[in-house]
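What's counted below: heavy atoms across the whole structure, side chains too, no hydrogens, waters or symmetry copies.
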Amino acid sequence: MAAFDSKTGSNLFSIGSERLALLGKHHKALMQGYLDGFVDETAFSDIALKKLINARILWRPDEQQPLALRPLVSELIASMVADENRRQINADVAEKLEQIRNRVQAYRDSQFKGDYSVAELQLQRLTEHVHDLSGQFEEAIDSLWHRLNSDFGFVSSLDDKIRENERAQKQLRRLLDGLDLLDFTELIELAEGNSHLRKLLVSQLQSQLSSHHSSLLEVQKRLIELLAKFRQQQSRSMLIANMAAFLRQHPKYHPADYANRSEVPNLLNQAVAIVPQAAIALDRSSERQLLAELVLSLPRSVNSSLPDQHSASFAAPFVDDAVAARQQALQLDVENFYLRVIDHGSSLSALDYLAQQQLAWDGEIWLYQIIAEYQALPVDEKQMFVMLRDEAPASAMNSLLLIQDISISLQAA
């Protein structure tokens, strides 16, 4: 079996190399035939023509017609040069799915028989089918984007743009229908417990097709936006074209003075209505009596007298003697702490000093006041001390550092 496969692979290699060499040898004449739609037979010798026909590169559709490139060769050239006018996207997903099912069954049968070399070959071909299915959608999406960026911008009229848009939307609809044919529940059942098949048919394929689906939705959104813009431009163009045709038929037509008409057509009556403003005409002496009567008839406001009250003054700050005394005592204890550091000359813990002196201050307030006093020192005095913070994270899940204690020492000379 291995010898047969080696022989078959050798034959395929030689035949494929020979036919690719034919394409490279006659590339100019074949490309000209692609552009013209037919091949000039005088550009080849009889032997070369015979080889190209036997290699399934050229064919004659009818006896009365000239030689032409085979459709698959034309499709290959159109795909390579991104010729969207001649490029056809094959979106037959059902056929690809059937090939995948057959390859999976052949792979399982080979494994069941213990023929692992054939099973490896079937897995390789299955991988090619899966990648071909994904690449098919990718090429179709690239074709749609190329059509949006080229065909829509270089057509002669809006009607052509709208027709190109409709063609692109039909192709996009076919691709979306093809994506809907992929049932991952069935693919999961095909993979069963095999890790290779599950990774190939479920994980990789689902990730790739999800990306393709998102790209198709972006293309669809762009197509709808372009179609709305084209329709708007088309309506304006039709209005201008019809007006120009009407003026050609009626050369003596003059628009009416719509500003002096009492009933303005809705087409021209687009201005916002003006709200009139009223004011007292003091210059009309004949209406003074009427104006005085109107003023007298206005309701009068009743002035209610309120008792005098002293308003609160916010200029002087509110000071509580007890709070001020407590703050002064705290500040005095902190100053004694710094004096103790200067006397001893060694590092002194703030919480240890608080416990030794049996001070009644809260530990957090005591540490805060020590930090505040340190920050309030002049720069030259602050350089005399070294502050070390004993920090620890709030929890295993929270990296916020909390100050547990503070040690103050004198700066070494």
Quick check: closest heavy atoms across P393 and L401, and the distance to 0.1 Å? N-CD2, 3.8 Å

Qualifying residues under side chain to side chain donor-acceptor pair (under 3.5 Å), relative to H26, sequence neighbours excluded: none

Spatial distance of atom CG (L330) from atom CD (Q327) [nearest 0.5 Å]: 5.5 Å

Under the rule for ring pair (Phe, Tyr, Trp, His ring centres under 6.0 Å), what residues qualify as partners of F112, not counting sequence neighbours? none

Going from CG on L377 to CD on Q383, what distance comes out if it is rounded to the nearest 0.5 angstrom? 11.5 Å

Could you tell me whether the side chain of H27 and the main chain of L23 form a donor-acceptor pair under 3.5 Å? no

With sequence neighbours excluded, tell me which residues meet side chain to side chain donor-acceptor pair (under 3.5 Å) with Q404. none

Check D362 against E364 and note the closest heavy-atom contact, atom names and distance. OD2-N, 3.1 Å

Straight-line distance of I141 CD1 to E218 CD, nearest 0.5 Å: 11.0 Å

With a 4.0 Å cut-off on N to O distance, would you call E98 and R101 a salt bridge? yes

Could you check whether any side-chain heavy atom of F44 comes within less than 4.5 Å of a side-chain heavy atom of L30, counting everything from C-beta outward? yes

Where Q204 and L200 come nearest, the two heavy atoms and their spacing: OE1-CD1, 3.8 Å

Could you tell me which residues satisfy side chain to side chain donor-acceptor pair (under 3.5 Å) with R236, sequence neighbours excluded, listed by chain and number? none

Taking the side chain from T127 and the backbone from L123, do they hold a donor-acceptor pair closer than 3.5 Å? yes

Are any of the side-chain heavy atoms of F184 and L201 separated by less than 4.5 Å? no

Verdict with supporting geometry, L197 and L190, side-chain contact (heavy atoms from CB on, under 4.5 Å): CA-CA 8 Å; L197 293 179; L190 285 175; over 6 Å; no

Heavy-atom check, side chain of Q375 versus side chain of E373, under 4.5 Å: no

Here the side chain to side chain donor-acceptor pair (under 3.5 Å) pairs for residues 329-341, sequence neighbours left out, are D333-W361

Can you confirm whether more than 12 heavy atoms, excluding those of K229, are under 6.0 Å from its NZ atom? no

Going from NZ on K221 to CD on E225, what distance comes out if it is rounded to the nearest 0.5 angstrom? 6.0 Å

Does the plane of the ring in F337 sit parallel, tilted or perpendicular to the ring in W366? Use 30° and 60° as the thresholds. perpendicular

With distance as the sole test, does S110 use its side chain to make a donor-acceptor pair with the main-chain N or O of A106 at under 3.5 Å? yes

Is the number of heavy atoms from other residues, nucleotides or ligands within 6.0 Å of CZ (R326) greater than 12? no

Looking only at atom types and distance, does a side-chain atom of S211 sit under 3.5 Å from a main-chain N or O of S207, one as donor and one as acceptor? no

Should the heavy atoms of other residues, nucleotides or ligands under 6.0 Å from CE of M387 be counted, would the total exceed 12? yes

Run the numbers on K113 and D109 for salt bridge (Lys or Arg N to Asp or Glu O under 4.0 Å), then give the verdict. CA-CA 6 Å; K113 294 177 182 179; D109 292 344; over 6 Å; no

Any luck finding a side-chain donor-acceptor pair between Q356 and D352 under 3.5 Å? no

Value for CZ (R125) from CG (N102), rounded to nearest 0.5 Å, stands at 13.0 Å

With a 4.5 Å limit on heavy-atom distance, are the side chains of L176 and Q220 in contact? yes

Ring centre gap for F385 and Y374 strictly below 6.0 Å: no

Using only heavy-atom distances, determine whether the side chains of D115 and S117 contain a donor-acceptor pair under 3.5 Å. yes

4.5 Å side-chain heavy-atom contact, R108 and N194: yes

Heavy-atom side-chain proximity of L348 to I408 below 4.5 angstrom: no

Criterion side-chain contact (heavy atoms from CB on, under 4.5 Å) on V386 and L410, from CA distance to verdict: CA-CA 6 Å; V386 176; L410 289 176; over 6 Å; no

Taking atom CG of L388 and atom OG of S349, what is their separation to the nearest 0.5 Å? 11.0 Å

In terms of heavy-atom contacts, S407 and S347 come closest through CB-OG, 3.5 Å

Nearest heavy-atom neighbours spanning A350 and L367: CB-CD2, 3.7 Å

Using the test side chain to side chain donor-acceptor pair (under 3.5 Å), find all partners of Q32 that sit at least two apart in sequence or belong to another chain. D36

So do the side chains of L22 and L52 get within less than 4.5 Å of each other, counting heavy atoms only? yes

Please find the pair of heavy atoms, one from V130 and one from L205, that lie closest to each other, and give the distance. CG1-CD1, 3.9 Å

Under a 3.5 Å threshold, yes or no: a donor from one side chain and an acceptor from the other, between Q111 and Y107? yes

Determine whether D390 and I406 make a side-chain contact, defined as any pair of heavy atoms from C-beta on separated by less than 4.5 Å. no

